[in-house]
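Have a look at the structure below before the remarks.
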Amino acid sequence: MVREIKETELNELLNLYLHLHEDSVPDMTEYLSSTWNTIMNDDNHHIIVNEVSGKIVSSCVCVIIPNLTRGIRPYAFVENVVTHSDYRGCGYASECLNFAREIAKSNNCYKMMLLTGSKEETTLKFYEHAGYNSSDKTAFIAWL
């Protein structure tokens, strides 16, 4: 079942992120709690999860960004696309991305963007199959 995350599911999400690029679950600090509350109270920040048998197995983040160009239409940015390694290849991440697309459409976004650090052909094909391309824009990253 694809849906937006519940406020009580932070620990499940943090554990899922171990299958993304994290190597440990952060301690529950005041900063983490404050960040979580900020996300939960931001109408433009959507954490989408796919739940199977009561377990969150896949997720992505979709942020709607207000914009002053393109007829004052916002755009959506997708980040942190992840599926638990035991559940990959079943379409769960695709369902999360489709849910994000519906959020973007309902917010009148003119485009969706995502970045991946992966160079693996299967990952790149996955994003192409989901409707994204790497030929329209060039991404530049400045790590801080």
Side-chain angles (χ1 to χ4, degrees), residues 1-23 25-26 28 31-144:
M1 174 175 76
V2 182
R3 59 177 173 77
E4 291 203 48
I5 199 163
K6 299 173 187 168
E7 192 167 348
T8 59
E9 296 175 318
L10 173 59
N11 283 334
E12 285 185 75
L13 182 65
L14 294 175
N15 278 290
L16 179 62
Y17 284 165
L18 294 173
H19 297 267
L20 182 60
H21 49 63
E22 299 300 308
D23 56 11
V25 174
M28 185 53 72
Y31 182 66
L32 174 57
S33 180
S34 173
T35 301
W36 180 245
N37 288 332
T38 298
I39 291 169
M40 288 286 91
N41 291 310
D42 183 350
D43 290 339
N44 287 323
H45 202 129
H46 305 269
I47 299 178
I48 299 155
V49 297
N50 203 333
E51 179 184 342
V52 175
S53 300
K55 177 179 181 166
I56 294 174
V57 300
S58 189
S59 179
C60 73
V61 173
C62 178
V63 180
I64 307 300
I65 302 170
N67 183 37
L68 296 174
T69 66
R70 304 284 181 161
I72 316 172
R73 292 177 65 193
Y75 57 94
F77 189 80
V78 174
E79 183 67 40
N80 297 335
V81 180
V82 60
T83 300
H84 188 290
S85 57
D86 294 342
Y87 294 85
R88 291 184 180 152
C90 300
Y92 299 127
S94 294
E95 291 175 353
C96 287
L97 289 175
N98 288 338
F99 195 96
R101 181 181 302 276
E102 292 308 311
I103 289 171
K105 285 180 181 178
S106 71
N107 281 274
N108 196 32
C109 291
Y110 77 95
K111 71 177 177 181
M112 294 180 74
M113 298 185 299
L114 67 78
L115 301 172
T116 181
S118 177
K119 305 292 186 230
E120 291 190 34
E121 191 66 27
T122 55
T123 302
L124 302 179
K125 291 284 186 199
F126 165 74
Y127 288 125
E128 287 175 1
H129 182 72
Y132 296 84
N133 74 71
S134 60
S135 60
D136 287 348
K137 300 255 182 180
T138 301
F140 290 88
I141 306 292
W143 295 103
L144 305 176

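Nothing fancy with the numbering, it's 1 onward along the sequence. Here the structure is a predicted model, which means the values were calculated and not measured.
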TODO: Report yes if the side chains of Y75 and M113 come closer than 4.5 Å at any heavy-atom pair, otherwise no.
DONE: yes
Open item on the list: So N133 and D136, do their side chains get closer than 4.5 Å, heavy atoms only?
Closed with: yes
Task: Close side-chain approach of L14 and P26, heavy atoms under 4.5 Å - done: yes
Open item on the list: Check whether R101 reaches the backbone of A130 with its side chain - one donor and one acceptor, N or O, closer than 3.5 Å.
Closed with: yes
TODO: State whether R3 and E9 are salt-bridged, where the test is any N-O pair (Lys NZ or Arg NE/NH1/NH2 against Asp/Glu carboxylate O) under 4.0 Å.
DONE: yes
Task: Pairwise side-chain contact, L97 with Y132, heavy-atom cut-off 4.5 Å (strictly under) - done: yes
TODO: Check for a donor-acceptor pair, side chain of N67 on one end and backbone N or O of T69 on the other, with a separation under 3.5 Å.
DONE: yes
Open item on the list: If you count every heavy atom of other residues, nucleotides or ligands that lies below 6.0 Å from L68 atom CG, does the total exceed 12?
Closed with: no
Open item on the list: Within the structure provided, determine whether C60 and I48 are in side-chain contact (heavy-atom separation under 4.5 Å).
Closed with: yes
Task: Student check: side-chain heavy atoms of L18 and D23 closer than 4.5 Å - done: no
Open item on the list: If you define the side chain from C-beta out and look only at heavy atoms, does anything of N44 sit under 4.5 Å from P66?
Closed with: yes
Open item on the list: Are H129 and F126 an aromatic pair, judged by ring center distance below 6.0 Å?
Closed with: no
Task: Flag side-chain contact, heavy atom, 4.5 Å: K55 against H84 - done: yes
